[in-house]
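What follows is a set of notes on a single structure, which appears directly below.
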Amino acid sequence: MIPYGKQSISGDDIQAVIEVLQSEYLTQGDTVEKFEQAICQRVDAKNAVAVNSATSALHLACLALDLTKGDWLWTSPISFVASSNCALYCQAQVDFVDIDPITYNLSVSALEEKLEQAKENNRLPKIIIAVHLSGLPCDMQAIHQLSNQYGFKIIEDAAHALGASYQENPTGCGQYSDITVFSFHPVKIITTGEGGMAVTNNKTLADKMRLLRSHGITRDPAQMTQQPDGDWYYQQLDLGFNYRMNDIQAALGLSQLSKLNSFIKARQAIAKQYFKALTNLPLLLPFESTESQSAYHLFIIQLTTPVNDQHKKIFNYLRQNGIGVNIHYIPIHTQPYYQKLGFKNGDYPVAENYYKKSLSIPIYPSLTDDEQRFTIATIQQAVLS
Ligand SMILES: *Cc1c(COP(=O)(O)O)cnc(C)c1O
């Protein structure tokens with residue numbers, strides 16, 4: 001089976017991990033900080049906090065922005081459930097903004113309308129999470145403008161978008177947001193096995209996330225309420241978690257990061273081939289923006305003539321013929337857990353319609369020409385038969 005995505009691990013990655021394993025520290029050494037600094041440099045951010053997953057990073061980001069009971073967080077229904085679960089971890093309430101039918105990202109016009117209504121009802125969100133689906137950046141300038149008008153904070157869920165750019169700036173630079181979160185799960189752009197990172201230009205937010213990442217404990221005398229009792233001394237200042245990344249993961253991440261540019265180039269080359277080969281089929285291809293560059297974590301195609309169960313038939317045909325297609329995502333609000341919270345089918349019609357027609361086809365740096373040709377031929381057979 002040719003999967004829709006997979007990691008690229010080479011000898012230098014393995015060597016980097018071996019070196020940490022043979023060193024003194026497997027966790028809480030200096031490799032995590034090196035990885036954080038390297039990410040800062042690459043995405044042009046001032047501070048980075050490495051954690052054990054993007055899910056943890058989203059949780060810490062919400063806590064750092066003081067999301068709490070009675071607050072609202074809005075995000076896109078077409079995302080992984082972690083994008084909205086983070087609000088529920090904070091006892092806040094979730095609402096969704098329907099997607100744009102062309103970019104599949106949160107629709108700015110739907111957002112604008114919803115904000116106007118929310119203002120009248122005194123229910124404005126504290127945080128909006130902009131998810132860069134497939135690696136294509138959201139219209140951040142417009143969302144940022146609305147944040148000035150309505151006073152919400154912005155988290156970018158860039159789990160798909162490490163290496164993407166918007167208005168010539170790397171995703172993560174924070175020009176239009178408070179915190180950006182990356183994932184290093186193996187299917188994502190670079191991997192640490194499991195892992196994530198929150199980046200921000202705001203040192204106060206970074207310090208808070210750093211504290212909460214490790215139990216709410218500090219060893220920095222400047223943060224303590226009294227003089228340290230001695231060199232062993234630490235203080236717990238808040239109720240935090242063990243969300244730490246370890247040095248084994250960070251060493252893999254550093255090695256992977258050194259290849260980010262070539263990974264993105266390879267993904268873009270594969271995308272280019274798909275655009276060329278699939279253009280005359282009854283398919284809607286990904287939106288290509290003039291003001292941003294997608295990281296192409298996913299290559300999502302949509303059927304344009306959906307007849308009843310054609311979507312499922314094509315999915316099954318491709319799977320049966322060795323193409324590991326997938327669907328990103330089942331609209332979050334249709335999940336049983338979210339239905340229990342009061343969401344209903346029909347709440348976000350554009351997202352639900354997208355779900356009935358979309359397919360993620362294989363894209364990852366080590367996908368060979370032969371594999372891509374076979375994928376394209378099989379897609380042609382599937383949609384034309
Ligand atoms: C993968 C993913 C996450 C969660 O990442 P983990 O590192 O697996 O916790 C969050 N949001 C989106 C959009 C993702 O794709």
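Counting starts at 1 for both ligands and their atoms, in listed order.
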Q.
Whether the Tyr176 and Glu156 side chains hold a donor-acceptor pair (N or O, under 3.5 Å, no angle test) is what I'd like checked.
A. no
Q. When the ring centroid of Tyr89 is compared with that of Phe241, is the distance short of 6.0 Å?
A. no
Q) Just checking, any donor-acceptor pair under 3.5 angstrom between side chains of Tyr234 and Gln236? A) no
Q. Looking at Phe275 versus Phe299, is the centre-to-centre ring distance below 6.0 Å?
A. yes
Q. Do Gln175 and His144 meet the criterion of a side-chain donor-acceptor pair at a distance under 3.5 Å?
A. no
Could you tabulate the donor-acceptor pairs under 3.5 Å formed by side-chain atoms of residues 56-68, not counting sequence neighbours?
{"from": "Ser56", "atom 1": "OG", "to": "Asn52", "atom 2": "OD1", "distance (Å)": "2.6"}
{"from": "Ser56", "atom 1": "OG", "to": "Ser53", "atom 2": "OG", "distance (Å)": "3.1"}
{"from": "His59", "atom 1": "ND1", "to": "Tyr243", "atom 2": "OH", "distance (Å)": "2.8"}
{"from": "Asp66", "atom 1": "OD1", "to": "Lys208", "atom 2": "NZ", "distance (Å)": "3.0"}

Sub-3.5 Å pairs, protein N or O with ligand 1 N or O:
{"from": "ligand 1", "atom 1": "5 (O)", "to": "Ser183", "atom 2": "OG", "distance (Å)": "3.3"}
{"from": "ligand 1", "atom 1": "7 (O)", "to": "Ala54", "atom 2": "N", "distance (Å)": "2.9"}
{"from": "ligand 1", "atom 1": "7 (O)", "to": "Ser183", "atom 2": "OG", "distance (Å)": "2.8"}
{"from": "ligand 1", "atom 1": "9 (O)", "to": "Ala54", "atom 2": "N", "distance (Å)": "3.3"}
{"from": "ligand 1", "atom 1": "9 (O)", "to": "Thr55", "atom 2": "N", "distance (Å)": "2.9"}
{"from": "ligand 1", "atom 1": "9 (O)", "to": "Thr55", "atom 2": "OG1", "distance (Å)": "2.5"}
{"from": "ligand 1", "atom 1": "11 (N)", "to": "Asp157", "atom 2": "OD1", "distance (Å)": "3.4"}
{"from": "ligand 1", "atom 1": "11 (N)", "to": "Asp157", "atom 2": "OD2", "distance (Å)": "2.8"}
{"from": "ligand 1", "atom 1": "15 (O)", "to": "His160", "atom 2": "NE2", "distance (Å)": "2.7"}
{"from": "ligand 1", "atom 1": "15 (O)", "to": "Lys188", "atom 2": "NZ", "distance (Å)": "3.0"}
{"from": "ligand 1", "atom 1": "15 (O)", "to": "Tyr329", "atom 2": "OH", "distance (Å)": "3.0"}

